[in-house]
There are 4 protein chains.
Amino acid sequence: MADQPTRARPGRKRSEESRQAILAAAADLVVEVGYAGLSIEGIATRSGAGKQTIYRWWPTKADVLLDALATKADLHIPVPDEGSYAADLRAFLVASFALGRNPHVVAVLRALMAEAQINADFGDRFRASFIRRRRDALAVILDRASARGDLPPTPRPGTVADIIFGVIWYRLLTTPDPVDRRLADELVATLAGAR
Amino acid sequence: MADQPTRARPGRKRSEESRQAILAAAADLVVEVGYAGLSIEGIATRSGAGKQTIYRWWPTKADVLLDALATKADLHIPVPDEGSYAADLRAFLVASFALGRNPHVVAVLRALMAEAQINADFGDRFRASFIRRRRDALAVILDRASARGDLPPTPRPGTVADIIFGVIWYRLLTTPDPVDRRLADELVATLAGAR
Amino acid sequence: MADQPTRARPGRKRSEESRQAILAAAADLVVEVGYAGLSIEGIATRSGAGKQTIYRWWPTKADVLLDALATKADLHIPVPDEGSYAADLRAFLVASFALGRNPHVVAVLRALMAEAQINADFGDRFRASFIRRRRDALAVILDRASARGDLPPTPRPGTVADIIFGVIWYRLLTTPDPVDRRLADELVATLAGAR
Amino acid sequence: MADQPTRARPGRKRSEESRQAILAAAADLVVEVGYAGLSIEGIATRSGAGKQTIYRWWPTKADVLLDALATKADLHIPVPDEGSYAADLRAFLVASFALGRNPHVVAVLRALMAEAQINADFGDRFRASFIRRRRDALAVILDRASARGDLPPTPRPGTVADIIFGVIWYRLLTTPDPVDRRLADELVATLAGAR
DNA sequence: GAATAAGCGAGACGGTACGTCAAGTCTTCTA
DNA sequence: TAGAAGACTTGACGTACCGTCTCGCTTATTC
């Protein structure tokens with residue numbers, strides 16, 4: 001089977017202590033100096049790790065940050081069945097907007113989306129992990145609605161996702177205002193119909 | 001008397017030749033080496049200008065690029081009265097999507113939006129120029145629809161703008177696929193109603 | 001004679017006001033920021049002159065400083081006949097050492113001697129003006145002593161000058177200590193004999 | 001325990017290869033382009049070293065040159081006992097003058113003395129290393145003469161040093177002529193008496 | 001009195017080098 | 001073999017001045 005216990009290799013094992021120190025240092029530093037001011041060198045110094053140790057495990061500072069975010073913040077979006085498409089959608093939006101209330105998380109997300117534009121390799125990783133996971137979560141809701149026959153013919157599911165994530169990211173990227181409940185209501189009304 | 005023809009200042013005049021050379025070099029280089037590989041130093045070398053000349057007139061490489069974009073590409077969105085809200089909206093979307101078909105323009109827009117996240121000062125300038133101008137163009141259409149009594153109560157105009165620009169930017173930033181006419185139709189149907 | 005009144009040329013005359021302002025600014029600035037920190041740009045700004053005006057009349061900042069020194073400080077060394085070689089020599093040394101008591105003058109002289117090493121063209125000008133004039137003054141004393149039959153056969157006059165100016169410059173360039181009367185006495189005793 | 005073999009520090013060791021390349025490049029370049037045309041940037045390029053490597057180990061280009069001089073040229077002045085003060089002095093002068101016959105060494109010494117005037121920090125280092133070492137060498141001779149009772153009461157030892165180094169430096173700094181044996185004889189006669 | 005000819009302050013220009021920062025790699029010692 | 005330390009080459013940063021080149025304006029001489 002593919003999942004052999006990976007034949008324990010010789011040599012010292014990866015230090016979990018270092019890993020945590022590096023992720024913590026990255027998370028702290030990005031708050032203190034901003035993403036532009038963040039550097040591998042700075043993370044190494046702050047965490048007490050050697051630069052090589054960081055380069056061994058993460059390709060860029062954005063990957064460190066993405067790892068720190070996944071480790072620290074709870075990015076999991078639960079999609080319990082709320083009984084109707086509209087209710088499911090509202091629950092999803094409210095849960096998503098909650099993340100937007102933590103300014104540190106927002107700052108990191110903006111930086112990661114920015115890096116994804118500038119560095120194509122990181123962009124692939126970011127899309128494959130963060131972006132795709134979010135779309136998958138929403139897809140569960142849309143599939144459920146479809147099975148229920150609850151889904152309007154227009155817009156198509158893919159476009160619904162584009163609209164929802166589009167609005168969230170657009171506000172994240174262009175305004176300092178937090179997204180609010182009223183916006184959630186408008187989106188539900190627009191997408192799930194006035195029922 | 002107010003508005004005198006700005007009392008000619010002493011000193012040598014700004015060189016339009018240099019300005020053009022710098023903008024052209026920036027536009028060329030970003031295609032060749034990408035935004036991450038773009039540098040003030042490179043622009044200076046390629047354009048034959050001194051670095052100081054660039055720093056004198058633009059604060060960052062992103063500002064040079066924004067200027068180059070505004071000078072070269074036609075970013076103006078016309079908003080002629082097409083007779084109805086739905087028709088106006090469709091025209092606006094089609095015109096906007098057209099920009100998305102030029103890969104060079106798309107690449108620059110992604111880079112500028114990225115820079116806007118990383119550099120707060122440039123973010124302010126980018127929002128105040130590019131982002132705001134686009135919203136203003138759309139506002140004309142929304143005002144016209146409102147005057148006509150053509151505007152649905154939900155979503156509010158601000159949210160309509162968030163949805164439209166949200167979808168455009170989200171697709172720009174997360175997929176290599178060009179936006180297409182079908183997406184425009186779906187958005188019109190969703191926002192202007194199936195009337 | 002060669003010195004025709006140079007057929008008055010047309011055009012505006014050199015501004016004596018500017019000249020004075022430039023020399024004064026240079027003299028002030030070298031005290032404030034030191035020779036290394038002195039710049040043509042700085043002199044222009046401080047004096048209210050244009051850079052071109054400075055470049056029109058002086059080739060380097062050292063030349064400005066040399067001019068300022070000649071204009072401001074009294075660099076003339078009187079060589080009155082004191083009756084004997086020893087007395088003449090002592091008078092010359094005392095007068096020379098007096099200059100060394102003004103720290104501003106000392107600082108400028110050190111800078112000019114330094115520049116003369118680094119910039120060969122200025123070196124020629126410095127030697128032809130300052131250095132040579134000082135040697136000429138001393139030569140008057142040595143000629144007088146020679147005519148009197150007062151001059152020891154060793155060292156030769158040229159070497160006497162080398163010793164005297166050598167000691168003065170060496171102390172100027174390598175120690176912060178001011179030269180003093182005792183040194184003058186020792187030199188006179190050594191060079192004019194114990195008579 | 002004092003003087004342990006300096007407990008081997010972690011980290012990569014200083015590259016002797018780089019050091020040599022930098023000193024050689026500096027020595028070569030100063031000949032080719034002169035001290036004014038010498039730059040850290042140029043030394044880095046020529047030597048194949050990074051600028052940072054130079055800045056890590058030397059504060060200024062003058063320090064690089066001083067190091068190159070000490071490494072390359074034999075600046076050591078031997079002071080063997082020649083039997084008498086006059087003989088010792090003559091030997092010292094002849095050995096010193098020999099250095100003055102190498103135009104490259106002369107050019108560097110002039111530049112270093114110049115830099116010492118312009119940059120106070122380097123001045124301290126230059127005096128503490130080069131200047132002081134030379135005076136110490138001469139002091140050995142003067143002490144020996146004093147012990148022998150061979151030393152005239154005037155001039156004092158300090159003044160003898162001022163005269164000797166004064167003449168050497170003055171000629172170095174103000175004339176292109178090499179110092180010669182005849183000058184040595186005159187100085188010996190003047191300072192050690194005609195005995 | 002017009003034309004011509006400097007000189008002037010201002011300031012933009014193409015350059016060169018500065019000294020710094022960080023990148024990513026390499027080497028050494030220790031766990 | 002991993003990790004901390006730290007030196008290495010590389011490349012760009014943003015700044016300071018260099019010396020030159022327009023500008024518009026002022027002051028002089030010449031026709």
Side-chain angles (χ1 to χ4, degrees), chain A residues 9-15 17-19 21-22 37-45 47-57 59-61, chain B residues 7-15 17-19 21 37-42 44-45 47-57 59-61, chain C residues 7-15 17-19 21 37-45 47-57 59-61, chain D residues 7-15 17-19 37-42 44-45 47-57 59-61:
Chain A
R9 289 176 310 157
R12 188 172 172 174
K13 274 191 197 102
R14 176 172 187 184
S15 159
E17 197 181 356
S18 273
R19 183 175 172 273
I22 288 165
L38 189 66
S39 67
I40 297 280
E41 204 125 287
I43 297 172
T45 303
S47 67
K51 279 165 64 177
Q52 201 61 258
T53 302
I54 301 179
Y55 281 113
R56 197 173 353 253
W57 302 109
T60 73
K61 63 176 181 175
Chain B
R7 177 76 171 86
R9 286 183 316 151
R12 189 173 172 174
K13 277 190 191 106
R14 177 170 185 183
S15 160
E17 198 181 355
S18 276
R19 182 176 173 273
L38 188 67
S39 67
I40 296 278
E41 205 126 286
T45 303
S47 67
K51 279 167 65 175
Q52 204 61 261
T53 301
I54 301 179
Y55 281 112
R56 196 175 355 253
W57 302 110
T60 71
K61 64 176 179 174
Chain C
R7 182 78 167 86
R9 288 177 313 159
R12 189 171 173 176
K13 278 193 192 102
R14 176 172 186 182
S15 160
E17 197 181 357
S18 274
R19 181 174 173 275
L38 188 66
S39 68
I40 297 281
E41 206 125 286
I43 297 172
T45 303
S47 67
K51 278 166 65 176
Q52 201 62 260
T53 302
I54 300 179
Y55 280 112
R56 196 173 354 253
W57 302 109
T60 72
K61 64 176 180 173
Chain D
R7 178 78 169 82
R9 287 182 315 152
R12 188 173 175 174
K13 280 191 188 104
R14 177 171 184 182
S15 160
E17 198 181 355
S18 277
R19 181 174 174 274
L38 188 67
S39 67
I40 297 279
E41 206 125 286
T45 303
S47 67
K51 277 165 66 175
Q52 204 60 263
T53 301
I54 301 179
Y55 282 112
R56 198 178 351 256
W57 302 109
T60 71
K61 62 175 180 174

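Reckoned from all heavy atoms, side chains included, excluding hydrogens, waters and symmetry mates. Chain A is the first sequence line, chain B the second, and so forth, proteins listed ahead of strands; every chain is numbered from 1.
- Between Ile54(B) atom CD1 and dA12(E) atom C1' the separation is 14 Å, expressed in whole Å.
- Here Arg19(C) contributes atom CZ and Ser47(C) contributes atom OG; the two are 13.0 Å apart, rounded to the nearest 0.5 Å.
- Legend: residues meeting side-chain contact (heavy atoms from CB on, under 4.5 Å) with Thr53(C), ordered by chain and number and at least two apart, are Ile22(C), Arg56(C), Trp57(C).
- Arg19(C) has its CZ atom 14 Å from the P atom of dG9(E), to the nearest Å.
- When all heavy atoms of Leu38(A) and Ile43(A) are compared, the closest pair comes out as CD1-CG1, 4.0 Å.
- With sequence neighbours excluded, the residues forming a side-chain contact (heavy atoms from CB on, under 4.5 Å) with Glu41(B) are Ser39(B), Lys51(B), listed by chain and number.
- Here Ser18(C) does not reach the OP1 or OP2 of dG7(E): none of its side-chain N or O atoms lies under 4.0 Å away.
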Report each atom pair, protein N/O against N/O of nucleotides 10-13 of chain F, whose distance is under 3.5 angstrom.
| unit_1 | atom_1 | unit_2 | atom_2 | d |
| --- | --- | --- | --- | --- |
| dC13(F) | OP1 | Ile40(B) | N | 3.1 |
| dC13(F) | OP2 | Ile40(B) | N | 3.3 |
| dC13(F) | OP2 | Glu41(B) | N | 2.9 |

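- Rounded to whole Å, the distance from CZ on Arg14(B) to C1' on dA10(E) is 17 Å.
- Atom C1' of nucleotide dT29(F) and atom NZ of Lys13(C) are separated by 9 Å, given to the nearest angstrom.
- Scanning all heavy atoms of the two residues, the minimum distance from Gly50(A) to Ala44(A) falls at C-CB, 4.2 Å.
- By the side-chain contact (heavy atoms from CB on, under 4.5 Å) test, Thr60(A) pairs with Ala62(A), Asp63(A), Asn119(A), Phe122(A), Arg125(A), sequence neighbours left out.
- Distances were taken from every side-chain heavy atom of Arg56(A) (C-beta onward) to each of dA2(F), dA12(E), dC8(F); the shortest belongs to dA2(F).
- Remark: the Arg12(D) side chain and the dT28(E) base include no donor-acceptor N/O pair separated by less than 3.5 Å.
- Distance Trp57(B) CH2 to dG14(F) P: 19 Å, rounded to the nearest Å.
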